[in-house]
Amino acid sequence: MRLGIETNTGIEVAVISQFKRATRDWFARDAAALARDLLGCRLVRVQPDGTRLSGMIVECEAYLGVHDRASHAYAGRRTERNAAMYADPATAYVYFTYGMHYCVNAVCGKVDEPVAVLLRALEPVEGLEIMRELRSKSRARRRETALKDRDLCSGPGKLCQAMAIDRKLNGADLASGDLLFIERPLRRSGKLEVVNTTRVGIDFAGEWKDQLLRWYVKGNEHVSVKG
DNA sequence: ATGACGATTTACT
DNA sequence: GTAAATCGTCATA
């Protein structure tokens, strides 16, 4: 239970919410089901100094393993970079892309089965001002205007920046670790309207680009792309 | 050793 | 809407 969370306006309001750590068993299933269920859960990052950053997961994509042309494990590719995909469920797979961005996945399925869920967007909950600093840091030119809340975690690369997630967290244990983990609500937090559609940024994937493997919270302003 | 390319973000026309 | 940024990774040689 947690009393008092930071709101978009910076005002603290008293709320009663109950979350518990997601267990390894909870991750040990197919990626599509997990992707859907991750919506509404919290991703939590505890920094070295103990500062807690968190956000509600509002957008996810499932990557289905060796047959999925969009997956890093397509055709059984197993390299140093994607090794974490073959690890235990609840392992974090963090990879570097486009020469400048990190993306984070929750590995699921069984051991040696390279299936995972890409976390694409969060609605910031704890540590918004720290996130703002982390996000401003790497910008080429400082902007006079502060970043809006919706610019903090509305994309896979942005959320890693805002949550201080980089290659050091590749292989982290999302179930038992203390650095990066998932909390799920004990009670279904009201009605969560969900949209199921196609994945983003995988035009190279042939027929697999049409599969409906992306889920997001309908109407949530932190979702990265509409559609 | 070399070259091509991103599961993206940002700035600019 | 288009294009630049930017470099680790991987396949090929």
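In what follows, every chain begins at residue 1, and chains take the letters A, B, ... in the order their sequences are listed.
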Kindly say if A/R167 contacts the phosphate of C/dT9, meaning a side-chain N or O under 4.0 Å from OP1 or OP2.
-> yes
Using atom CG of A/L152 as one end and atom P of B/dT9 as the other, report the distance to the nearest whole Å.
-> 13 Å
Atom-pair distance (NZ on A/K158; C1' on B/dA7), nearest Å | 16 Å
To the nearest Å, give me how far apart CD (A/E80) and P (C/dG8) are.
-> 13 Å
Would you say A/Y102 and A/I165 make side-chain contact, with heavy atoms under 4.5 Å?
-> no
So, is A/R135 near the phosphate of B/dT10, with a side-chain N or O under 4.0 Å from OP1 or OP2?
-> yes
Rounded to whole angstrom units, what separation is found between the CE atom of A/M85 and the P atom of B/dA7?
-> 11 Å
Same cluster or not: are A/L174 and A/V104 linked, directly or through other Ile, Leu, Val, Met, Phe, Trp or Tyr residues, by side-chain heavy atoms under 4.5 angstrom apart?
-> yes
Would one find more than 12 heavy atoms of other residues, nucleotides or ligands at under 6.0 Å from atom CD of A/Q47?
-> yes
Could you tell me the separation between the OH atom of A/Y98 and the C1' atom of B/dA7, rounded to a whole number of Å?
-> 8 Å
A/M100 side chain, from C-beta outward: closest of C/dA5, B/dT9, B/dA7 | C/dA5
Rounded to whole Å, CG of A/D166 lies from P of C/dC7 at a distance of 15 Å
Assign A/Y95 to base, sugar-phosphate, or nothing according to its heavy-atom contacts below 4.0 angstrom with the strands shown.
-> base
In whole angstroms, the gap separating P of B/dA7 from CD of A/Q211 amounts to 18 Å
Under 4.0 angstrom, heavy atoms only, what part of the nucleic acid is A/L118 near: base, sugar-phosphate, or nothing?
-> base
Please check the phosphate of B/dA7 (OP1 and OP2 only) for any side-chain N or O of A/H72 closer than 4.0 Å.
-> yes
Compare the minimum distances between each of B/dA7, C/dC10, B/dT8 and the side chain of A/V200, then state the nucleotide with the smallest one.
-> B/dT8
How is A/R77 classified with respect to the nucleic acid when contacts are heavy atoms under 4.0 Å: base, sugar-phosphate, or nothing?
-> sugar-phosphate
Taking the six-membered ring for Trp, are the ring centroids of A/Y95 and A/H72 within less than 6.0 Å of each other?
-> yes
Rounded interatomic separation in angstrom, taking OH from A/Y102 and P from C/dG8 = 9 Å
Will you find, in the side chains of A/T198 and A/Q211, an N or O donor that is under 3.5 Å from an N or O acceptor?
-> no
Base paired to B/dT8 (Watson-Crick or G-U; both N/O distances under 3.5 angstrom) | C/dA5
